[in-house]
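Have a look at the structure below, then the notes.
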Amino acid sequence: MISVKNLTYTYPGAKQETLHGLNFEVAEHEIFGFLGPSGAGKSTTQNILIGLLKDYGGTIQMMNRELNEWGQDYYEHIGVSFELPNHYLKLTALENLNHFRSLYSGPTLEPMDVLAWVGLQEDADKKVEDYSKGMKIRLNVARSIIHQPKVLFLDEPTSGLDPVNARKIKDLVLDLRRRGATVFVTTHNMMVADELCDRVAFITAGQISLIDAPPVLKKQYGQRKVQVEYLNGAQAVQHQEFPLDGLGDNEAFLNLLKSAPRVETIHTQETTLENIFIEVTGQELSP
Ligand code: ADP
Ligand code: MG
């Protein structure tokens with residue numbers, strides 16, 4: 001669906017290049033994530049892909065066509081949710097959606113259905129100026145899907161949301177993919193990348209250092225060890241680690257299971273995407 005080769009970009013008047021040659025591909029029905037700290041170039045990349053920033057270097061193929069060759073009809077096929085919600089604050093959510101819906105020539109969804117998806121049906125007739133930040137972000141997503149786009153671009157879709165609302169957005173994105181959408185999502189939140197993305201690109205300072213599926217990365221970077229936590233008499237919790245390989249024949253491990261008065265937990269030592277990010281890029285995701 002999306003194929004990007006050697007993408008470079010320098011903002012007009014800027015002395016330094018912002019993107020230094022990005023390469024990635026997004027398959028149809030894939031949820032592809034850009035994970036990186038603030039200032040890495042995620043929004044810049046999204047804004048190039050949606051045709052907002054021009055004069056980039058390299059090539060971009062979108063739905064089997066050069067991005068430069070697409071005209072206004074491009075916007076019939078893509079949905080965009082910007083990092084900062086932009087709505088008509090004096091209008092209600094329903095009025096906002098009816099307005100944006102009228103801009104499309106193709107078929108659109110019923111605004112009330114879309115509002116129900118994002119959990120805003122009760123607030124459909126409320127003015128957007130009275131919406132909380134989380135509600136505005138959900139309305140943003142509702143607006144980006146009203147014309148059933150093939151490709152959806154979501155810039156930091158859960159930023160500033162509480163866990164319940166973040167979960168709603170993640171479930172909605174998964175649902176949209178099930179209905180056939182391809183999703184490009186940017187985030188500095190490793191949970192979003194981990195729970196949502198089929199594949200994730202690590203981006204720092206305008207460069208991609210790695211692209212892979214989160215479970216593959218966790219296997220590759222995790223330690224093949226198991227940690228046993230146990231209580232030994234009145235003492236505090238103790239723990240011991242054992243290699244996963246040959247665990248069934250590991251006498252020390254088997255003896256511990258037999259002799260420990262009380263085993264509390266047994267866990268493989270999985271690493272987090274954030275730890276891998278730090279190991280690979282040398283940078284933290286959030287300051
Ligand atoms: P992210 O979305 O990953 O936080 P951005 O793409 O917004 O990062 O920004 C990447 C870099 O480009 C930053 O150094 C930022 O200061 C710079 N930048 C962003 N917008 C502009 C602009 N309009 N003009 C000049 N520089 C910009
Ligand atoms: Mg950004």
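Numbering of ligands and ligand atoms starts at 1, following listing order.
- For Glu83, the N, O or S atom with the smallest separation from the Mg ion (ligand 2) is OE1.
- An N or O contact shorter than 3.5 Å links Ser43 to ligand 1 by distance.
- Using a cutoff of 4.0 Å between basic side-chain nitrogens and carboxylate oxygens, Arg262 and Glu229 are not scored as salt-bridged.
- Each of the following atoms of ligand 1 lies closer than 4.0 Å to a heavy atom of Thr44: 5 (P), 6 (O), 9 (O), 10 (C).
- Atom 16 (O) of ligand 1 is not flagged as protein-proximal [any protein heavy atom, distance under 4.0 Å].
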Set out, in order, the CA-CA distance, both residues' side-chain angles and the distance that settles salt bridge (charged side-chain N to carboxylate O under 4.0 Å, His left out) for Glu95 and Lys126, then state yes or no.
CA-CA 10 Å; Glu95 287 164 349; Lys126 218 184 239 177; over 6 Å; no
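- Taking 4.0 Å as the cut-off, Gly13 does not count as a neighbour of ligand 1 on heavy-atom distance.
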Salt bridge (charged side-chain N to carboxylate O under 4.0 Å, His left out) for Asp130 and Lys127? Distances and angles first, verdict last.
CA-CA 6 Å; Asp130 296 327; Lys127 278 191 186 157; over 6 Å; no
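- The Mg ion (ligand 2) has no N, O or S atom of Gln46 under 2.8 Å away, backbone or side chain.
- Where the criterion is an N or O separation shorter than 3.5 Å, residue side chain and backbone included, Lys42 meets it with respect to ligand 1.
- Close contacts of ligand 1 with Pro37, meaning ligand atoms under 4.0 Å from a residue heavy atom, involve 3 (O).
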Distance-only check: which donor-acceptor pairs under 3.5 Å involve side-chain atoms of residues 79-86, not counting sequence neighbours?
| residue | atom | partner | partner atom | Å |
| --- | --- | --- | --- | --- |
| Ser81 | OG | Asn140 | ND2 | 3.4 |
| Glu83 | OE1 | Ser43 | OG | 3.0 |

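- Taking a distance limit of 4.0 Å, we find that atom 11 (C) of ligand 1 is approached by some protein heavy atom.
- For ligand 1, the atoms sitting less than 4.0 Å from at least one non-hydrogen atom of Ser38 are 4 (O), numbered in the order shown with element in parentheses.
- For atom 8 (O) of ligand 1, the closest non-hydrogen atom of the protein is Gly41 N, 3.2 Å.
- Checked against the 6.0 Å centroid criterion, the rings of Phe202 and Phe277 qualify as a close aromatic pair.
- For Tyr88, the OH atom sits in a loose shell: 12 or fewer heavy atoms of surrounding residues, nucleotides or ligands are nearer than 6.0 Å.
- Counted by atom type alone, Tyr230 and Thr265 present zero donor-acceptor pairs between their side chains at under 3.5 Å.
- Within the 4.0 Å heavy-atom criterion, neither part of Ala14 lies near ligand 1.
- A salt bridge does not link Asp155 to Lys42: none of the charged nitrogens lies less than 4.0 Å from a carboxylate oxygen.
- Considering CG of Leu161 and CZ of Arg138, their distance stands at 7.5 Å, rounded to 0.5 Å.
- Atom-to-atom distance recorded for Asp175:CG and Trp117:CH2 is 6.0 Å, nearest 0.5 angstrom.
- Less than 4.0 angstrom separates some heavy atom of Ala40 from each of these atoms of ligand 1: 1 (P), 3 (O), 8 (O).
- Here the protein heavy atom with the shortest distance to atom 26 (N) of ligand 1 is Tyr11 CD1, 3.3 Å.
- Among Gly36, Gly39, Pro12, Ala205, the residue whose heavy atom lies nearest to atom 4 (O) of ligand 1 is Gly39.
- Residue contact check: Thr18 has heavy atoms under 4.0 Å from atoms 10 (C), 11 (C), 12 (O) of ligand 1.
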